[in-house]
Amino acid sequence: MKTKLVFATNNNHKTAEVRAYLGDAFEVLNLKDIGCETDIPETADTFSGNALLKSSFVKENFQLDCFSDDSGLEVFALNNEPGVFSARYAGGAGDAANVKLLLENMQGITDRRAQFRTVICLIRNDEIHCFEGIAGGTIRTEPAGQQGFGYDPVFQPEGYDCTFAEMDTQQKNSISHRAKAMEKLISFLRSGQ
Ligand code: ITT
């Protein structure tokens with residue numbers, strides 16, 4: 001029988017991606033699968049804190065081993081903002097508004113260095129394990145590209161002369177912060193630890 005493992009997300013795309021890697025060894029369930037309709041609060045001031053809040057909620061309320069992720073963009077010249085506020089930087093007005101506000105706040109700033117960071121928090125057999133992935137790059141002065149989501153149109157990953165939004169999904173997934181953290185989680189689970 002496969003071991004049940006919850007991925008605390010409502011994002012079907014993320015669930016499918018993880019099932020493709022772990023489906024032979026684990027039964028990966030998402031929040032909908034376990035009947036969790038609560039909008040789990042993400043009120044911590046770090047990515048790991050938010051990921052832990054989500055995993056702990058599932059462990060406490062459903063008694064199931066669980067992992068969750070939290071991600072965001074950190075801009076060095078803005079004191080690592082928007083960070084944990086990435087999704088609601090422009091007050092919940094959506095991706096385009098977030099990007100517009102970021103470009104406004106970076107007007108005149110020449111240090112354009114930034115990074116996307118993902119932290120995954122796994123609670124397994126009552127132990128907590130965290131996995132981090134970082135993708136470094138720079139913030140363009142104008143958006144380019146239609147793929148992806150969030151800040152992809154203004155983020156140019158290190159070593160490339162295009163933005164994440166100009167890459168196809170497969171190419172972005174081979175270098176993204178989320179993919180790097182996921183790889184660490186998957187090799188940990190596969191190693192049977
Ligand atoms: P969940 O329901 O899984 O929490 P989410 O949209 O909050 O979905 P994340 O926590 O992964 O997703 O990311 C928070 C925000 O950070 C997201 O809304 C984007 O604004 C930004 N972000 C994260 N990863 C990104 C990526 O790969 N490309 C562009 N923007 C990203």
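Every number for a ligand or one of its atoms is a count from 1 in the order of the listing.
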### Ligand-residue contact atoms, ligand 1 with Lys172, heavy atoms, under 4.0 Å
26 (C), 27 (O), 28 (N)
### ligand 1 N/O within reach of Tyr151 N/O, cut-off under 3.5 Å
yes
### Query
Heavy atoms of the protein only: does one fall short of 4.0 Å from atom 5 (P) of ligand 1?
no
### Summary
Near Asp70 (heavy-atom distance under 4.0 Å), the atoms of ligand 1 are 10 (O)
### Message
Using a 4.0 Å cut-off to any heavy atom of Thr9, which atoms of ligand 1 qualify?
### Response
3 (O)
### Message
Contact between Arg117 and Glu132 at the side-chain level, heavy atoms closer than 4.5 Å - yes or no?
### Response
yes
### Query
Without hydrogens or angle criteria, can the side chains of Tyr89 and Asn105 be said to hold a donor-acceptor pair below 3.5 Å?
yes
### Message
So for ligand 1, is Lys14 a polar contact partner (N or O within less than 3.5 Å, distance only)?
### Response
yes
### Task
Grab the two heavy atoms, one from Cys130 and one from Val119, that are nearest each other, plus how far apart they are.
CB-CG1, 4.4 Å
### Query
Is there any N or O on Arg178 that sits under 3.5 Å from an N or O of ligand 1?
yes
### Query
At a 4.0 Å threshold, what atoms of ligand 1 neighbour a non-hydrogen atom of Gly72?
16 (O)
### Query
Heavy-atom contacts under 4.0 Å between Arg88 and ligand 1: side chain, backbone, both, or neither?
neither
### Message
Show me which atoms of ligand 1 lie under 4.0 Å from any heavy atom of Lys54.
### Response
4 (O)
### Query
Does the cation-pi check pass for Lys172 over Phe164, that is, NZ or CZ under 6.0 Å from the six-membered ring centre and within 45° of its axis?
yes
### Query
So which protein heavy atom does atom 28 (N) of ligand 1 come closest to, and at what separation?
Asp152 OD1, 2.6 Å
### Query
At a non-hydrogen distance cut-off of under 4.0 Å, which region of Phe149 contacts ligand 1 (side chain, backbone, both, or neither)?
both
